[in-house]
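A, B, ... follow the sequence lines: proteins, then strands. Residue 1 opens every chain.
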2 protein chains.
Amino acid sequence: MGARQTKSPEAVARKEALVREMLDRVGDKWTLLVIEELGSGGEMRFTRLRDRIGGVSQKMLTKTLRELERDGLVIRTVHPVVPPRVEYRLTKLGEALGEAVCGVWTWVENHLQDVEQARQVYDRKHVREMGGPAGEG
Amino acid sequence: MGARQTKSPEAVARKEALVREMLDRVGDKWTLLVIEELGSGGEMRFTRLRDRIGGVSQKMLTKTLRELERDGLVIRTVHPVVPPRVEYRLTKLGEALGEAVCGVWTWVENHLQDVEQARQVYDRKHVREMGGPAGEG
DNA sequence: CAGGATCCGGTCGGATACTG
DNA sequence: CAGTATCCGACCGGATCCTG
């Protein structure tokens, strides 16, 4: 079979799966904020990070950081002191992703009004289903 | 932009919330695929879309399309015929978002290996938790 | 201070049945 | 064909307790 440089459909599928997974990752509520904070604030500790992000539970922050670490986007440094001191910082990879996400971020900022307006228009058409604006009788 | 600081902190907060929401949206498993399909395949019907995406339930496809429609990213056209014929296509806004997301998509494709390798390295260190080898310094 | 373990409510999402 | 309504299991994520 002409197996040239043609990638197997499986490889393509796995790539797409990973693409989806990463987009899912950056779309995650906390992941984004963590990347943002570490990107602008540089290396920082767990508690500091939790404080700056605000609203994130210890569980979710830990989970988020673990995933980022696993994907090579964040470096976790444990200082063998007491009390424990753990610092997190973005890797080059993490910074690059942050910049890529920036494009979407920018798009949203630029088209905020369009989206909000579209929603208002849409909602107008669908209020009828609910308890309507009482303009009927 | 010569705009002074006319924006209230509340407006900024709401903007950030919407940014997060949109990133969450594009990170959604099906949303991405729908945008991709409509972007490359142009206007198409519900069933066709479901068939091309594959693996999506009717419930989720409907929900995804509704959200995209509400945000003004997709146009839904109902043809009053029998059997029903409903077609979906991207708006200009939707196409623009698709392009913005493309940046992240590209990043992932370019750094696929880095992420996969990082994961392998990370996993090596954590296999110990499972039935890992007992040998450890 | 960092984070593992657990409980538990809320939401997500698939399968199914029904409609126009 | 396109979509709504419902049931229900799986997972998400917060609160809490405990440890080194």
Side-chain angles (χ1 to χ4, degrees), chain A residues 17 20-21 23-34 37-38 41 43-70 74-89 122 125-130, chain B residues 17 20-21 23-34 37-38 41 43-70 74-89 122 125-130 132 136:
Chain A
R20 239 177 294 155
E21 190 181 327
L23 282 168
D24 209 63
R25 173 85 27 103
V26 305
D28 180 74
K29 189 174 182 178
W30 306 120
T31 297
L32 237 202
L33 299 181
V34 168
E37 284 302 325
L38 292 181
E43 189 175 48
M44 69 180 73
R45 303 174 63 174
F46 185 87
T47 303
R48 176 78 189 286
L49 203 46
R50 170 162 50 158
D51 183 58
R52 304 233 320 190
I53 291 178
V56 63
S57 67
Q58 159 268 4
K59 180 182 180 180
M60 290 315 295
L61 181 54
T62 298
K63 184 189 171 194
T64 301
L65 287 168
R66 285 290 176 282
E67 292 172 340
L68 288 173
E69 186 193 0
R70 186 168 110 97
V74 159
I75 290 288
R76 176 172 178 263
T77 307
V78 181
H79 299 274
V81 298
V82 38
R85 185 186 187 88
V86 182
E87 306 222 43
Y88 295 90
R89 64 179 171 81
Y122 181 90
K125 296 180 182 175
H126 291 257
V127 188
R128 311 187 309 163
E129 294 178 70
M130 305 169 72
Chain B
R20 237 177 295 156
E21 189 181 327
L23 282 168
D24 209 64
R25 173 83 30 103
V26 305
D28 179 75
K29 189 174 182 179
W30 305 120
T31 297
L32 237 201
L33 298 181
V34 168
E37 283 302 325
L38 292 182
E43 190 175 48
M44 70 180 74
R45 303 174 63 174
F46 185 87
T47 303
R48 175 76 187 288
L49 203 45
R50 168 163 52 158
D51 182 59
R52 303 234 320 194
I53 291 178
V56 62
S57 67
Q58 145 268 101
K59 180 181 179 180
M60 289 316 296
L61 182 53
T62 298
K63 183 190 172 194
T64 301
L65 287 169
R66 284 291 178 283
E67 290 172 341
L68 288 174
E69 187 194 359
R70 188 169 106 98
V74 159
I75 290 287
R76 175 172 177 263
T77 308
V78 181
H79 300 276
V81 299
V82 32
R85 184 186 187 88
V86 181
E87 306 223 41
Y88 294 90
R89 65 180 171 82
Y122 181 90
K125 297 180 182 175
H126 292 256
V127 188
R128 312 184 310 165
E129 294 178 70
M130 305 168 71
E136 181 200 1

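Side-chain nitrogen and oxygen atoms of B:Y88 include at least one within less than 4.0 Å of the OP1 or OP2 phosphate oxygen of D:dG3. Dashed line: the shortest gap from a side-chain N or O of B:R85 to OP1 or OP2 of C:dG20 is not under 4.0 Å. Dashed line: the shortest gap from a side-chain N or O of B:R66 to OP1 or OP2 of D:dA2 is not under 4.0 Å. The phosphate of C:dG3 has neither OP1 nor OP2 within less than 4.0 Å of any side-chain N or O from A:R50.
The pair A:R89-A:E87 does not meet the salt-bridge criterion, since no charged nitrogen lies less than 4.0 angstrom from a carboxylate oxygen.
Taking CZ of B:R48 as the reference point, atom CD1 of B:I53 lies at 11.5 Å (rounded to 0.5 Å). For the atom pair CZ of A:R70 and NZ of B:K125, the computed distance is 13.0 Å after rounding to the nearest 0.5 Å. In this structure, CZ in B:F46 is found 9.5 Å from CZ in B:R76, a value given to the nearest 0.5 Å. The distance from atom OG1 of A:T64 to atom NZ of A:K59, rounded to the nearest 0.5 Å, is 11.5 Å.
Nucleic acid contact class of A:R48 (heavy atoms, under 4.0 Å, all strands): none. Contacts of A:R45 with the nucleic acid, taken as non-hydrogen atoms under 4.0 Å apart, involve only primed sugar atoms and P, OP1 or OP2.
The separation between B:L65 atom CG and D:dA2 atom P is 11 Å, rounded to whole Å. Rounded to whole angstrom, the span from the CD atom of A:E67 across to the C1' atom of C:dG3 amounts to 15 Å. In this structure, B:E87 places its CD atom 11 Å from P of D:dG3, rounding to the nearest Å. As rounded to whole Å, 13 Å separates atom C1' of D:dC1 from atom CG of B:L61. Atom NE2 in A:H126 sits about 10 Å away from atom P in D:dT4, given to the nearest Å.
Counting all heavy atoms, side chain and backbone alike, B:L23 lies closest to A:L32 at CD1-CD1, 2.6 Å. The two residues B:T31 and B:V26 make their nearest non-hydrogen contact at CG2-CA, 4.3 Å.
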Let me have a per-nucleotide readout for nucleotides 6-20 of chain D, 5' to 3', with B, S or -, counting only protein heavy atoms under 4.0 Å. BB-----BBB----B
